[in-house]
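Heads up, the thing below is written out as structure tokens.
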Amino acid sequence: MEELGRLEERVILIGVQTAAEDNVLDSLDELEELAETAGAVTVGRIIQNREAVHPGTYIGKGKIEEVRSLVYAMDATGVICDDELSPAQLNNLERELDCKVMDRTLLILDIFAARAVTSEGKIQVELAQLRYRSARLVGLRESLSRLGGGIGTRGPGEKKLETDRRLIRTRISALKQDLAQVEKHRELLRTGRARGKVKTAAIVGYTNAGKSSLLSLVSGSEVMARDMLFATLDTTTRKIELPHGQPLLLTDTVGFIRNLPHRLVEAFKSTLEEAVLADFLIQVVDASDPEAVRHYETTLEVLNELGAGDKPMIVVLNKVDLVPEERRGALETLLAPHFSGRVVPMSVKEGNGEGDLLNACVEMLESRVRRARFLIPYTRSDLVAAMHSEGKVFSTEYVEEGTLLEAVLPVAFYNKLESFLADR
């Protein structure tokens, strides 16, 4: 990917409200935060109430005049629409406004291009970018050839001559092959974990809810976390030990957001499969955010799309330290009716609630494991070896009758060894 000089962009946000229940203001607040994350300054907003978005220009003719005047008055360099634009809408708006036109998808793709660190993340981002741009070459041709960079110019396709469909198709084919190799390697890692019988949990949730900070807290290792949208894109896995001694693999996943473009869900499907294959999920919700319930529901929508919506789940209400004192006592009462599963209030920043979360993880796995003491005859040393490979052995003592072990074992294997229980 080519690196271009960054130019501070001044943008105007455009939203269309098609139903009374649509919360366009909150959506534009989030869009402004996305724009800020991408390095742009929001200098104005325009909302139009319509029965449906205009099929040709997204907004009506009168609003186009209003936007054009505001662009001129605020010396804006471009506009960002709160929905994904069709190729025709993008091309027509850019011609009418004579400035760069972007949509939510392009904005998120640009942020992803800046955040991707691993080879897999970079491949996934570039693949999503190319698929987006292949259908919009006409509308994007001018903005992609401008000097100085800007939102939408990171990653592939900056030079005008490089953006023809033949080259894009060739590049997409090569990226798919590269991604297939990465996914094969990831599958080998998963197979190794499965052989080790170690249980897994995936940390999911809305972007900037505190997922990476939570992983750092419970694992005791430093995981990159910042107070910004999509601070981390690449999955990080850490092994922890639960209070009853059982090991658990915790995986941090990419954050979700409302109106997350479908092409991004598709591009990151291999990464998000960690949530699908996990034994249970830990959803982190920013309890201090007025939109906490909506964020929870948005995350569930994406999980349902991935096929992980029915997974057992622990809901962590993070950032309770930012909730006013008078509301803290009633926090769980207010929010719990909207959640299914165990709810754990926490303040990751202050380190409060870690023990409650780990105990909740133990409870989540209790139906799958048993802890007990076993007396294995010396003639069955094969069972001792199997206990080490199938579970976790805490103590070993050699007595006259055989080997005395205390261990946590999966229920299925525990049932096979019931006749060797030492405390029967």
Side-chain angles (χ1 to χ4, degrees), residues 7-111 132-146 148-153 160 229 257-264 290-291 294 298:
L7 175 69
E8 181 180 85
E9 298 193 54
R10 297 166 58 83
V11 297
I12 292 169
L13 309 183
I14 305 175
V16 175
Q17 181 154 342
T18 57
E21 61 271 15
D22 290 346
N23 199 333
V24 179
L25 285 175
D26 286 341
S27 187
L28 287 184
D29 285 342
E30 186 174 85
L31 189 66
E32 181 173 348
E33 196 172 351
L34 285 168
E36 181 182 350
T37 301
V41 177
T42 300
V43 295
R45 296 182 176 193
I46 287 183
I47 297 175
Q48 181 171 34
N49 293 303
R50 293 178 58 93
E51 291 185 1
V53 298
H54 193 287
T57 54
Y58 183 63
I59 53 176
K61 186 175 181 180
K63 281 295 178 183
I64 289 178
E65 294 293 334
E66 187 178 334
V67 173
R68 186 188 295 119
S69 299
L70 190 58
V71 167
Y72 178 77
M74 303 303 296
D75 193 26
T77 58
V79 301
I80 304 178
C81 299
D82 196 32
D83 297 285
E84 182 169 331
L85 300 179
S86 69
Q89 288 170 332
L90 184 70
N91 190 32
N92 292 336
L93 262 185
E94 193 164 67
R95 185 179 64 251
E96 292 284 345
L97 298 175
D98 192 27
C99 68
K100 179 155 59 170
V101 176
M102 298 159 279
D103 60 14
R104 174 179 279 256
T105 301
L106 183 62
L107 186 60
I108 296 175
L109 283 171
D110 186 79
I111 296 170
Y132 173 87
R133 290 173 178 171
S134 64
R136 294 166 172 81
L137 289 177
V138 176
L140 288 173
R141 188 172 295 278
E142 290 302 320
S143 64
L144 291 180
S145 65
R146 290 175 182 167
I151 296 173
T153 63
K160 185 174 180 179
L229 301 184
I257 198 169
R258 77 175 74 187
N259 300 328
L260 184 67
H262 183 74
R263 72 186 74 254
L264 289 182
E291 293 288 303
R294 183 187 289 271
T298 297

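Considering Ile14, Ile46, Val79, Leu97 as possible partners of Leu70, the one that fulfils the side-chain contact (heavy atoms from CB on, under 4.5 Å) test is Ile46.
Listed here is the closest heavy atom pair of Thr77 and Cys99: O-CB, 4.0 Å. Nearest heavy-atom pair across Val24 and Gly15 is CG1-CA, 4.2 Å. Closest approach of Lys63 and Ile47 over heavy atoms only: NZ-O, 3.5 Å. Looking at every heavy atom in both residues, Leu107 comes nearest to Leu31 through CD2-CD1, 3.8 Å. Here the closest non-hydrogen pair linking Ser86 and Pro55 is OG-O, 4.3 Å.
By the neighbour-count criterion of 12 heavy atoms within 6.0 Å, atom CD of Glu65 is densely surrounded, having more than that number from other residues, nucleotides or ligands.
Atom OH of Tyr58 and atom CG of Asp83 lie 3.5 Å apart (nearest 0.5 Å). Going from atom CZ of Arg95 over to atom CD1 of Ile64 covers 9.5 Å, rounded to the nearest 0.5 Å. The CG atom of Leu13 sits 10.0 Å away from the CG atom of Leu34 when rounded to the nearest 0.5 Å.
Looking only at distances, no side-chain donor or acceptor of Glu94 sits under 3.5 Å from a matching main-chain atom of Met102. No donor-acceptor distance shorter than 3.5 angstrom exists from the side chain of Thr42 to the backbone of Gly44, with no hydrogens or angles considered. Panel note: side chain Asn92, backbone Ala88; a donor-acceptor pair is recorded below 3.5 Å. Within the 3.5 Å criterion, the main-chain N or O of Met74 finds a donor-acceptor partner in the side chain of Arg10. Between the side chain of Gln48 and the main chain of Gly60, a donor-acceptor pair closer than 3.5 Å is present. In terms of modelled atom types and a separation under 3.5 Å, the side chain of Asp103 and the main chain of Cys81 share no donor-acceptor contact.
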- Report the C-alpha distance between Ile59 and Val16 in whole Å, list the side-chain angles of each, state the deciding distance to 0.1 Å, and finish with yes or no for side chain to side chain contact (heavy atoms under 4.5 Å, CB included). CA-CA 7 Å; Ile59 53 176; Val16 175; 3.8 Å; yes
- side chain to side chain contact (heavy atoms under 4.5 Å, CB included) between Val53 and Gln89: does it pass, once the steps are laid out? CA-CA 10 Å; Val53 298; Gln89 288 170 332; 4.2 Å; yes
- Item | Worked check of side chain to side chain contact (heavy atoms under 4.5 Å, CB included) between Asp26 and Glu30 | CA-CA 6 Å; Asp26 286 341; Glu30 186 174 85; over 6 Å; no
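Glu96 has no carboxylate O lying under 4.0 Å from a charged side-chain N of Lys61, or vice versa, which leaves the two without a salt bridge.
Remark: the Ser27 side chain and the Asp82 side chain contain an N/O donor-acceptor pair separated by less than 3.5 Å.
Side chains of Leu109 and Ile111 form no contact here, defined as non-hydrogen atoms less than 4.5 Å apart. With contacts defined as side-chain heavy-atom distances shorter than 4.5 Å, the pair Ile80/Ile12 does not qualify.
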